[in-house]
2 protein chains.
Amino acid sequence: MVDDEPQIVRTLRINLSARGYSVLTAHDGTTALEVAAEGKPDVVVLDLGLPDVDGTAVITGLRGWTTVPIIVLSARVDSADKVQALDAGADDYVTKPFGMDELLARLRAAVRRSAVVEGEDAVVETASFTVDLAAKKVRRDGAEVHLTPTEWGLLEILARNRGRLVAQKQLLQDVWGPAYEKETHYLRVYLAQLRRKLEPEPAHPRHLVTEPGMGYRFEP
Amino acid sequence: MVDDEPQIVRTLRINLSARGYSVLTAHDGTTALEVAAEGKPDVVVLDLGLPDVDGTAVITGLRGWTTVPIIVLSARVDSADKVQALDAGADDYVTKPFGMDELLARLRAAVRRSAVVEGEDAVVETASFTVDLAAKKVRRDGAEVHLTPTEWGLLEILARNRGRLVAQKQLLQDVWGPAYEKETHYLRVYLAQLRRKLEPEPAHPRHLVTEPGMGYRFEP
DNA sequence: GCTGCGCGTCAAGGGAACGTCAGGAAGTTC
DNA sequence: GAACTTCCTGACGTTCCCTTGACGCGCAGC
């Protein structure tokens with residue numbers, strides 16, 4: 001929730017919290033980008049009139065690394081503003097003043113849409129183990145396998161991109177953060193641990209495959 | 001495009017056609033569902049005020065079998081209508097009268113969103129092998145072919161420019177870097193390797209074609 | 001015919017990337 | 001504060017890939 005007017009932030013926070021959303025707030029564009037990168041929100045509500053940077057710049061900044069739904073709030077009724085924001089990558093545009101129930105409906109629509117994308121096959125199965133993305137659990141031969149947070153983070157990204165090659169850089173950025181994109185040694189250590197826990201023959205991995213020089217691939 | 005007012009349908013048809021969209025129209029809810037089932041549109045623009053059935057019923061009917069983006073048009077400004085339509089499964093709600101450029105921007109936003117979901121099968125096929133650009137995978141006779149990073153880099157550029165001639169200089173710059181634009185020997189070595197892995201008769205390439213003195217061409 | 005040029009093919013060496021093991025630091029739990 | 005977990009780091013052996021050179025072929029120009 002990004003807005004520079006405290007009372008709007010407050011009203012929205014109350015309404016959204018009451019409905020079970022957990023809300024992160026920012027009052028300008030710079031902190032908005034930081035908070036978003038930190039908190040990985042499921043949906044962004046963004047006021048265009050921010051004190052520091054232009055609202056569309058925030059949209060562009062977000063779109064650089066995420067496809068999270070962005071709902072723009074704005075007092076400007078000029079359609080050129082709408083076009084600009086939508087083409088920058090916003091998903092929806094609501095003009096102030098707005099009804100709370102309308103905003104909530106648009107929020108539900110935005111979340112529902114992205115849930116379709118993510119919610120496909122929350123359970124990934126292989127010949128020797130299963131990964132339950134929603135429950136964050138891994139089973140092998142019926143028994144549950146315990147993974148550390150880092151191990152799970154790695155496995156989750158690979159499982160969500162099953163079949164596709166995931167670049168080392170992306171794995172490092174998503175699990176450890178942007179500053180660690182060169183620490184490929186971490187990947188080797190943790191991939192070895194995952195293989196030891198999950199693969200029938202850790203020395204000859206069938207599901208957690210290395211593509212030398214490029215990255216790793218999860219083969220179901 | 002579903003609307004019972006002929007002039008709106010006409011205006012939209014002209015505007016959309018001029019921008020390269022192909023437009024299917026219906027003037028009531030029943031035919032709308034038929035036309036949609038028949039024509040499998042990429043996005044639906046739906047007026048709520050239809051002569052036969054309620055607009056939300058059309059949304060529900062569509063949502064039974066498709067996740068196609070639905071943009072609702074309506075003269076009703078009452079926010080209860082918006083909430084109802086959005087919760088029924090609509091993706092966006094535009095109030096009449098609306099600016100054409102705004103609607104077009106919302107259309108682009110809707111199409112862009114769904115393109116992200118579908119766009120995961122960027123696959124280039126030839127008679128003897130297939131290249132999956134997104135997964136970075138190459139298959140030949142059903143079996144997966146392993147490529148090294150350099151081989152893949154080369155093939156990717158050629159596949160993305162399939163049918164077009166790609167200059168040696170461009171290949172060398174894109175794969176090896178600007179300093180290597182004279183190392184044409186690299187190209188010969190790696191093209192030979194790709195042909196050996198992918199072509200039925202490596203000595204007589206059909207898909208990875210040399211244009212002597214100029215460059216190479218990927219022929220699907 | 002001979003020579004130079006561009007292209008294709010093959011193989012080998014060196015270096016980069018990878019897998020593995022183990023130990024220590026930091027934080028958690030009881 | 002002891003036991004435990006988790007993460008990071010270093011060392012070493014192995015695997016894989018890029019580069020490079022040598023050679024053959026076809027073609028055009030001298």
Side-chain angles (χ1 to χ4, degrees), chain A residues 136 138 144-158 165-177 179-218, chain B residues 136 138 144-158 165-169 171-218:
Chain A
K136 293 194 192 300
V138 182
E144 190 172 322
V145 180
H146 175 74
L147 297 185
T148 72
T150 309
E151 288 166 1
W152 172 258
L154 211 48
L155 183 63
E156 181 176 12
I157 297 174
L158 290 169
L165 173 66
V166 185
Q168 313 182 357
K169 202 166 120 184
Q170 190 192 332
L171 289 170
L172 287 163
Q173 283 187 353
D174 288 359
V175 177
W176 281 272
Y180 293 79
E181 59 171 61
K182 297 280 161 67
E183 302 287 345
T184 59
H185 190 71
Y186 292 4
L187 287 180
R188 289 197 287 280
V189 172
Y190 278 93
L191 257 298
Q193 286 177 5
L194 281 174
R195 283 169 179 153
R196 189 148 36 81
K197 291 184 177 180
L198 302 178
E199 292 273 4
E201 295 175 89
H204 302 97
R206 284 206 288 262
H207 305 109
L208 298 167
V209 186
T210 305
E211 299 280 357
M214 299 198 282
Y216 294 86
R217 185 199 307 276
F218 186 108
Chain B
K136 291 200 196 310
V138 181
E144 200 169 315
V145 180
H146 177 76
L147 297 186
T148 71
T150 309
E151 288 165 2
W152 172 259
L154 211 48
L155 183 63
E156 183 174 12
I157 296 174
L158 290 169
L165 170 67
V166 185
Q168 303 185 347
K169 199 167 126 185
L171 289 170
L172 287 164
Q173 283 187 353
D174 288 358
V175 177
W176 280 272
Y180 293 77
E181 59 170 63
K182 296 282 158 72
E183 303 285 346
T184 58
H185 187 58
Y186 291 3
L187 287 180
R188 290 197 286 280
V189 172
Y190 278 93
L191 259 297
Q193 285 178 4
L194 280 175
R195 284 167 179 154
R196 185 151 39 81
K197 290 184 176 181
L198 301 178
E199 292 272 5
E201 295 175 89
H204 302 96
R206 285 207 287 262
H207 305 108
L208 298 166
V209 186
T210 305
E211 299 281 354
M214 310 185 63
Y216 295 86
R217 186 207 316 276
F218 185 106

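Order of the sequence lines sets the chain letters (A, B, ...), proteins ahead of strands, with each chain counted from 1.
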In this structure, how many angstroms lie between the [atom2] atom of [N] and the [atom1] atom of [X], rounded?
X: A:H185; N: D:dC7; atom1: NE2; atom2: C1'; answer: 12 Å
X: A:K197; N: D:dT6; atom1: NZ; atom2: P; answer: 6 Å
X: A:M214; N: D:dC16; atom1: CE; atom2: C1'; answer: 12 Å
X: A:L171; N: C:dC18; atom1: CG; atom2: P; answer: 12 Å
X: B:Q193; N: C:dA11; atom1: CD; atom2: P; answer: 12 Å
X: B:L154; N: D:dC18; atom1: CG; atom2: C1'; answer: 13 Å
X: B:L187; N: D:dT19; atom1: CG; atom2: P; answer: 11 Å
X: A:E183; N: D:dC8; atom1: CD; atom2: C1'; answer: 9 Å

Selected nucleotide, minimal atom distance to [X] side chain, candidates [options]:
X: B:T210; options: D:dT20, C:dT20, C:dC7; answer: C:dC7
X: B:A203; options: D:dC8, C:dT9, D:dT6; answer: C:dT9
X: A:V189; options: D:dT6, D:dG10, C:dC7; answer: D:dG10
X: A:W176; options: C:dG8, D:dC8, D:dC18; answer: D:dC8
X: A:T184; options: C:dG6, C:dC18, D:dC18; answer: C:dC18
X: A:Y190; options: C:dC7, D:dC8, C:dC10; answer: D:dC8

Base, sugar-phosphate alone, or nothing: which one does [X] contact when heavy atoms must sit under 4.0 Å apart?
X: B:H146; value: sugar-phosphate
X: B:Y216; value: sugar-phosphate
X: B:E211; value: nothing

Check whether B:E199 reaches the backbone of B:R206 with its side chain - one donor and one acceptor, N or O, closer than 3.5 Å.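 Checking the backbone N and O of B:R206 against the side chain of B:E199, a donor-acceptor pair under 3.5 Å is found.
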So that I can tick it off, tell me whether B:K136 and A:E211 are bridged by a salt bridge, with the cut-off set at under 4.0 angstrom between side-chain N and carboxylate O.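 No, no charged N to carboxylate O under 4.0 Å.
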Ignoring backbone atoms, establish whether [X] has a side-chain N or O less than 4.0 Å from OP1 or OP2 of [N].
X: A:R188; N: C:dT20; answer: no
X: A:T148; N: D:dC7; answer: yes
X: A:Y180; N: D:dC8; answer: no

Is the count of non-hydrogen atoms from other residues, nucleotides or ligands lying under 6.0 Å from B:K197 atom NZ greater than 12?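 Above 12, so yes.
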Output, in order, the C-alpha distance, side-chain angles, deciding distance and verdict of side-chain contact (heavy atoms from CB on, under 4.5 Å) for A:Y180 and A:V175. CA-CA 9 Å; A:Y180 293 79; A:V175 177; over 6 Å; no
Could you please spell out the steps behind the side-chain contact (heavy atoms from CB on, under 4.5 Å) verdict for B:L155 and B:L198? CA-CA 11 Å; B:L155 183 63; B:L198 301 178; 4.0 Å; yes
